[in-house]
Amino acid sequence: MQDTIPVRQGEEVDKNILEKFIKEQLPFLDSSPLEVRQFGAGHSNLTYELKIGDWEGVLRRPPLGPVAPKAHDMEREYRILKALYDKFDVAPKPILLGDDSILGAPFFIMERRHGVVLDTEWPEDVKDKASLGKSVSETMVDQLVKLHSIDYSGTALEEMGKPDGFMERQVHGWIKRFDRALTDDVKNGNRVKQWLMKHIPSSTDATVIHYDYKLNNAMFAEDDYSKMVGLFDWEMTTIGDPMADLAVAMTYWIEADDPEELKRGLGKPPLTVEDGFYSREEFIQRYAEKSGRDVQHMDFYLTFAYFKLAGIVQQIYYRYKNGQTNDQRFAYMNHFVNHLLDAAEQTARI
């Protein structure tokens, strides 16, 4: 996963209680003390690196303060990974599930994967970046196609979602989430909401969808960037419309000629703006060719995906605005919400 940092003030975990829990559950561990560091790049759940001697793990828990209903469900994510990791080799194996009596919030621990996470900059020793950009793009498409081809029948994944009426529930559900987190310094998005409710396509296709599929949630082999060795953040995974998954991925797949406000919405733009990386159109076309799926309604799915991302960012900003987190990265997210709503309107042509 990404580089770690010392645990941020206010986001500490009780190492003594956590160490006792882990060693009770994993009696093969030696007497070495628990070491804890934090993965600092995420904007939602809190993620920590754990070490006891030669053993390593990764702990995920919800953010501090009140969270949106049904959001940050650690038990659900644990169950998803338990059902998926042996069917999809880039999904990490879950190890332990802990309830809120241990750390004050539910959490789970999964295996630690090692490799390179590509986010906003190439590692210093990388050469022939344009060729690698194309290779990484192809791998990202192909792994998404592979995920959407998994046979989930007869597994616990079947219980994770309701394919019938999926997009209708998604549209109305995200409108409600956005409205619950609305603050007086963002647009209300009413034009987009009305357009989405009028243009929901019918879909009979249902697959496992990651629903947060983006470059910095993937990990590549250090010696071969065409090989994905990890895919993280399975919190939003469900059984649903694969076109929605593809569209969500495209809202994160920023292009060089995108508006500056979108490119820098959460900081420095991702590597996808650089030479060699697919355009969104190329990504979608390779997906269509590899999967055999019809992509004719992508304008709807992209409009929804921009609105959904606006809702996610607004929920984070709402927590900051209400003093539930003091992370200064969130202070100006209201502006990004407005730019995402603009992008949704432009995609819908309204």
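Note that the structure is predicted; figures quoted are calculated from it, not measured.
Side-chain atoms of Asn322 and Gln324 form no donor-acceptor pair, as typed in the model, at a separation below 3.5 Å.
Atom CD of Glu260 has more than 12 heavy atoms from other residues, nucleotides or ligands within 6.0 Å.
Transitive grouping of hydrophobic side chains (ILVMFWY, heavy atoms separated by less than 4.5 Å) keeps Leu341 and Tyr318 in distinct clusters. A continuous path of ILVMFWY side-chain contacts below 4.5 Å connects Leu182 to Val171, so both sit in one hydrophobic cluster.
When Phe277, Trp253, Tyr252, Tyr213 are each tested for a ring pair (Phe, Tyr, Trp, His ring centres under 6.0 Å) with Phe283, only one passes: Trp253.
With sequence neighbours excluded, the residues forming a salt bridge (Lys or Arg N to Asp or Glu O under 4.0 Å) with Glu11 are Arg8, listed by chain and number. With sequence neighbours left out, the side-chain hydrogen bond (donor to acceptor under 3.5 Å, both in side chains) criterion links Tyr317 to Asp185. Not counting sequence neighbours, the partners of Asp142 by the side-chain hydrogen bond (donor to acceptor under 3.5 Å, both in side chains) test are Arg286. The salt bridge (Lys or Arg N to Asp or Glu O under 4.0 Å) test applied to Glu121 returns Lys268, not counting sequence neighbours. Asp205 is linked by a salt bridge (Lys or Arg N to Asp or Glu O under 4.0 Å) to Arg293, counting only residues two or more places apart in sequence or in another chain.
Ile254 belongs to a hydrophobic cluster with Val273, counting contacts under 4.5 Å between side-chain heavy atoms of Ile, Leu, Val, Met, Phe, Trp and Tyr, direct or through other members.
In this structure, the ring of Phe232 has its center no less than 6.0 angstrom from the ring center of Phe39.
Side chain of His297 to backbone of Ile200: no donor-acceptor contact under 3.5 angstrom is found.
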In sequence, state the C-alpha distance, the side-chain angles, and the governing distance for Lys187 and Asp342, and then conclude on salt bridge (Lys or Arg N to Asp or Glu O under 4.0 Å).
-> CA-CA 9 Å; Lys187 300 176 181 179; Asp342 289 343; 2.6 Å; yes

Take Asp14 and Lys20 through the salt bridge (Lys or Arg N to Asp or Glu O under 4.0 Å) test and state the conclusion after the steps.
-> CA-CA 10 Å; Asp14 189 320; Lys20 181 174 182 291; over 6 Å; no

Intermediate values then yes/no, salt bridge (Lys or Arg N to Asp or Glu O under 4.0 Å), Arg60 and Glu77 = CA-CA 10 Å; Arg60 276 171 64 77; Glu77 187 171 355; 3.0 Å; yes

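Geometrically, Lys82 does not engage Phe108 in a cation-pi contact, judged by NZ or CZ lying under 6.0 Å from the ring centre and within 45° of the ring axis.
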